[in-house]
Amino acid sequence: MKKLAIRRRDLFRAGFLLACSLAWPAPPAWGSEGDNDPDAELAAARTAALKTYKDRVAPFINTYCIRCHGEQKKKAGVTFEYAVKTPASSTFRPLWKKAVTNINSHDMPPAKEAKQPTDQERRVLADWVAGMKYLSPKDPGEFVIRRLSKIEYGNTLHDLFGVDPAIAGELPDEVLGAGYTNSVSPLLMEKCLTVANEVLSRVLAPAGARPTAVELRLFGNPPSQEKDCEPAARRIARSLARSAYRRPPSDAEIDVLMRVFTLAKGSGRSYPEALRLVLKAVLVSPQFLFITPEDDADLSKDIVPLGDHQLASRLSYLLWATTPDAELSALADAGTLHDPAVLAAQARRLLSDPRSRALFDGFGAQWLGLDKLAGKTFDPGKFPLMTPAMRTSMYEEAHLLFESILHENRSLRTFIDCDYSFLNETLAPLYGLEKSVIGPAMRKVSLGDDNRGGILALPGILAMTSYPNRTSPVNRGVWVLEQVLGEHVPPPPANVPSLEKQDPHKVATLTLRQRTEMHRSDPTCASCHKVLDPIGFGLENFDAIGRWRDQDDTGGAIDASGELPGNRRFSSPKELKRIIASRLDDLCRTLASKLLAYALCRQLDGYDEIVVDQLAAAVAKDEYRLQTLVVAVVTSYPFTHRRVNEQKGTSHAK
Amino acid sequence: MRSDLLIDRRTCLRGFGAALGLPLLETMGWADFPNGGTAKPPVRLGFMYMPHGVIPEQFWPADPTTFLASPPPILESLRPVLDQCLVVKGISGVPIAPLNGAPHALELSTWLTAALPDVNRRDVVNIAISADQIAANYIGAFTALPSLELATMPQTHKENQEGLNEAYYSHCSYRSPTQPLPAETNPRSVFKRLFQTRDQDSAAGKRGASIDADALDRSMLDLVLGGAKDLRGKLSRGDQHKLDEYLDGVRALERRIAAMEFRRLEAAKEASGGAGPKRNPNDSPPIEVRIPDGEKRSEYMQVMCDLTVLAFQTDTTRVSTYIGSTPNGVSYPELGFNDEHHSQTHHNNKPVMVDKVAKINAFNVAQFAYMVKRLYSLREGEGTLLDNCIMMWGTGLEDGNKHSRENLPFVIAGRGGGALRTGRYLPNSKGNQGDLLGTILTAAGIPLDRPIGIATKLLTEMISA
């Protein structure tokens, strides 16, 4: 969301030209009919797309584009040289999409070129690009072993040893989910060793002292005879490794730990001290820091199913941000977790547990843009209510709304049109309910006002999409388009023509709505702003921290009316919400793709688009329920499989 | 962002108002020659970053001849040490096409790499080793830490312009093309990292015991490393590559423990009278670092600068990179306004906004000036500590209003042991970012086996004849 906050301000201030046009409504999702074998249907679609490519698309590029946009000239840095050789490669999807935009708008080929494609030729290219996903063969996508994030690392130490998860506090902060920087640095390894030392000193007794309860649980009582020490240590090493590595350790892995034991004994350490060093070794081992696969994967294949233990970890870290519990581990040991029914049941079990709060903190807050609320600047003179307690309460309100929809397995539609929220006395003044909502505890409140309720009217989000001192209809419009409806609002071009010629005094006297409407007078800007601005106007009754108002800062009456493409008129937040709620399929698809990307810890690509279609269809079939969406994601093909060898033919030769 | 930072600092500062106590003072010094020979002090390299460019009219000196006497407003704080500085104009940035929609991710990530991310795999990090890390690979081997990475704000910016990986928004140091290095934001942890290896074992008080524990840790890590190599053999190619980062991290950790161990042994020897002090008696004693109680950004940045100075002075590291702020929405209430930095840079020449940006620029330069003056105030060898440093300050755009990258602003302080001729404004350097970085590394005595990023030449006019 930060991006939008910055970007939209750019747009507003400088009047950037947007060379884009937003689709409204989005094309219907694929996959609503599923009687036939879906894999066979996909294969047929793939064949057709390849044929169109060969017969129509490649000739188009070779005739109209390649002379300027080939390896020789690379005009504007654009070359089709590689794209035409590997049309199925998702690498070049952005290039194709950009090409369609330019070709449709007749910016390309340039007007001065004699050879111009017919409108029909242009349409064929656009249609083919729209269906490019069918070129991708069935593939779970790039998979690389993943390091535990800082949060997961802290939670895991808590579950294994009972220490406060904040013990990991000194590890570098990082982004979660898609965009996660899955890498190791010397600093990280230093901190891991420091944290390991800290864990040991907290849970184990100092040398010579009586063992702690945790120590007894982990190590048992020391053997009375020296000769029994090594076998006992081996048993202990195995059990430590089983829980810390989240899978049965191999004999070779136990041997490594036993070498550590022998090393410590050889340096004159006592039996408990030697076990202490073994535990430290476990905590800095790659098997603990990474989710590593079992030993038995067949690396001669290109794609293999995830082993049950790896799957247990993936599921547990997604929904709980911590290590699998005993039940999950037992199912993995039994080898039954990969059964879709078992996996789905486990997903539902994990979701019903309070630990599933991790899904909101990691995913939900990121989706709604609330992860940055605590640090956002507000003008303290204008909004004294924006205290740290208010920010926390706003975040909790969103969390409890998300949780109620998840735990009660409600329809995604509830996100838009619910008539309740969760309030305490801090939030109450924003709703004008300070007389009835008393006390710091959050409780469910029936709102009885259709203008309020749901994420479009949620104070935390309304605040996040505002400036420090006022609302931003543009930011709010972009937020709804991108986060709710899944439209992509392109960034402004680099060469930004400024509005220096405009008289600043004249602008200063206009109302916010009039000022915002100004940049829509330019046809290029208007193509985006005619959609995103009205949405923002429809929410203008909410001030920059989400309070209801009838007048804006200039004292003028709020005009919350607007029209969206397709003659969809509204005059209040209530009516706007109704229109947005009617685009439930778009919300469903948006959430499905965001959750899938979060679950896979990568951006979506190629075949994933088809998976998203399937997820959206499955969720729609079950009345758009949120749990169903989560279950569909964790049982999906890319979540349960991994590619172990590089995909052939589609990667760009370097 | 700002209040995240403050919360973080409050927790770390509680009960920590006093000056940080330096252990093992006596042994810290750069003396490469143990037996009192007159070694030449090593060259240290520092990089400090501000996002979003400057107000060019208030940054570039009017004239090379009057530059020292009347510096431009943004450089005013450097006036007392301007004769120790080079101001370099004419350095162009990496052309960012076809990633034109991501000027702010690229202003930081191209800053020390002088290279563009791999356009075809932009969702994962794949750029180039950065200049500070090239230096760390060479001169970092002599010190407990190969390099130090600092930042003022957590590197958690979530944004996805042009499909670029999130890490590009907040990282400028890359240990390898695929390994962005995290920076530390907590001054207390930085201090701990510089001067202590372990808390609990040393808390036991026995110096000998902790040396022994260090040795044991190193042997343990060796065994773990062996096990990790076994694991590596069973992984797919992509996974192996990921594990290599782990192996590299553990090896760096082993080296660091060994260096600290060595330092302890030397200290023990010295304490028992078995060896004379390593420090040159004429050198200034290590500076005192105080973590401020207040919440001012300037004080926070200054303690990070102090830590850099101390790390250089004690030869704990010779390479430091400080991201003064990342390109993602910092505000400077200390300057009397709450606006976010970026929002003001698109000022369209509106005087109020131009003025705010100039103030933010001057503020950032002033923190750099603080560090430079501190380095200049310390004796080392035949001159000052600054004489043996090359401190580069810069930003990744020229003019944030236009996102222009033709004349990236750079100030370079220190002579790098005599390699650079300072006190000059070079108004027309005709080079690029890679050329500048390559020249600095070369001046620091670091051999380059290939040009840095887009570099094509050395900027010989910077170098002493």
Side-chain angles (χ1 to χ4, degrees), chain A residues 2-3 6 9-10 13-14 76-78 91 94 144-145 170 172-175 179 181-190 193 197 201 252-253 256 259-260 263-264 267 277 280-281 284-287 292 295 299 366 374-375 377 379 468 491 493-494 498-500 504 602-603 644-646 652, chain B residues 1-4 97-98 100-101 103 120 123 125 154-161 163 165-167 175 178-182 189 193 198 200 216 219-220 223-224 226-228 230-231 234 236-239 242-243 245-246 249-250 252-253 256 328-329 331 338 340 342-343 346 348-350 403:
Chain A
K2 204 79 188 191
K3 164 188 77 172
I6 294 167
R9 193 179 310 187
D10 288 351
R13 290 245 163 85
V78 174
T91 298
V144 177
I145 49 167
E170 279 198 12
D173 291 308
E174 57 211 351
V175 165
T181 308
N182 181 23
S183 81
V184 177
S185 58
L187 175 66
L188 184 87
M189 286 314 303
E190 271 176 43
L193 182 62
N197 277 323
S201 75
E253 286 167 339
V256 169
R259 269 176 234 137
V260 172
L263 164 76
S267 314
L277 193 68
K280 196 195 289 197
V284 297
S285 288
Q287 293 91 338
T292 56
D295 233 358
L299 294 186
Q366 215 173 73
T377 307
D379 186 334
S498 70
L499 285 182
E500 276 157 357
R602 61 170 173 80
Q603 290 175 25
V644 290
N645 285 307
E646 219 167 287
H652 186 334
Chain B
M1 276 323 358
R2 207 182 74 81
S3 54
D4 284 354
N100 292 332
N120 295 319
D123 57 323
V125 172
Q155 296 165 300
T156 52
H157 190 49
K158 183 88 186 142
E159 178 163 348
N160 192 353
Q161 280 182 356
N165 186 281
E166 322 290 350
R175 189 167 169 87
T178 56
Q179 248 178 305
L181 287 181
S189 334
R193 185 165 180 234
R198 56 185 65 243
Q200 41 293 321
L216 198 58
S219 307
M220 177 273 286
L223 294 171
V224 170
D230 290 347
L231 174 70
K234 292 177 179 143
S236 71
R237 267 221 336 252
D239 290 348
K242 197 43 62 187
L243 201 65
E245 294 179 5
Y246 168 86
V250 174
L253 180 55
R256 176 175 141 66
N328 53 358
S331 49
N338 286 317
E340 286 179 356
H342 175 263
S343 69
H346 291 287
N348 286 323
N349 298 323
K350 207 171 150 192
H403 292 169

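For clarity, every value in this text was computed on a predicted model and none was experimentally measured. Chain naming here is simple, since letters A, B, ... match the order of the sequence lines and numbering starts at 1 in each.
For a residue to count as touching a neighbouring chain, one of its non-hydrogen atoms must lie under 4.5 Å from one of that chain's; by this rule A:Ser267 touches chain B with the side chain only. Heavy-atom distances place the side chain of B:Leu231, and not its backbone, under 4.5 Å from chain A.
Residues meeting the side chain to side chain contact (heavy atoms under 4.5 Å, CB included) test with B:Lys242, sequence neighbours left out: A:Val144, A:Ile145, A:Asn182, A:Ser183, A:Phe290, B:Glu245. Under the salt bridge (Lys or Arg N to Asp or Glu O under 4.0 Å) criterion, A:Glu174 pairs with A:Arg147, sequence neighbours left out.
A:Pro286 approaches B:Tyr246 most closely through the heavy-atom pair CD-OH, 3.1 Å. When all heavy atoms are compared, the tightest approach of B:Gly227 to A:Val256 is CA-CG2, 3.6 Å. Closest non-hydrogen pair, B:Ser331 versus A:Thr377, comes out as OG-OG1, 3.3 Å. Scanning all heavy atoms of the two residues, the minimum distance from B:Val250 to A:Met189 falls at CG2-CE, 3.7 Å. In terms of heavy-atom proximity, B:Leu181 sits nearest to A:Ser185 at CD2-CB, 3.6 Å.
A distance of 5.0 Å separates CG in B:Leu253 from CG in A:Leu193, rounded to the nearest 0.5 Å. A distance of 7.0 Å separates CD in A:Gln603 from CG in B:Asn165, rounded to the nearest 0.5 Å. In this structure, CD in A:Gln287 is found 8.5 Å from CG in B:Leu243, a value given to the nearest 0.5 Å. Separating the CZ atom in B:Arg193 from the CD atom in A:Glu190 is a distance of 4.0 Å, to the nearest 0.5 Å.
Looking at A:Asp173 and B:Pro182, their side chains never come closer than 4.5 Å, going by heavy atoms from C-beta outward. Side chains of A:Thr292 and B:Lys234 form no contact here, defined as non-hydrogen atoms less than 4.5 Å apart. Side-chain atoms of A:Thr181 and B:Gln155, non-hydrogen and from C-beta on, never get closer than 4.5 Å to each other.
Between chain A and the options B:Ala252, B:Pro180, B:Ala97, heavy-atom pairs under 4.5 Å are most frequent for B:Pro180.
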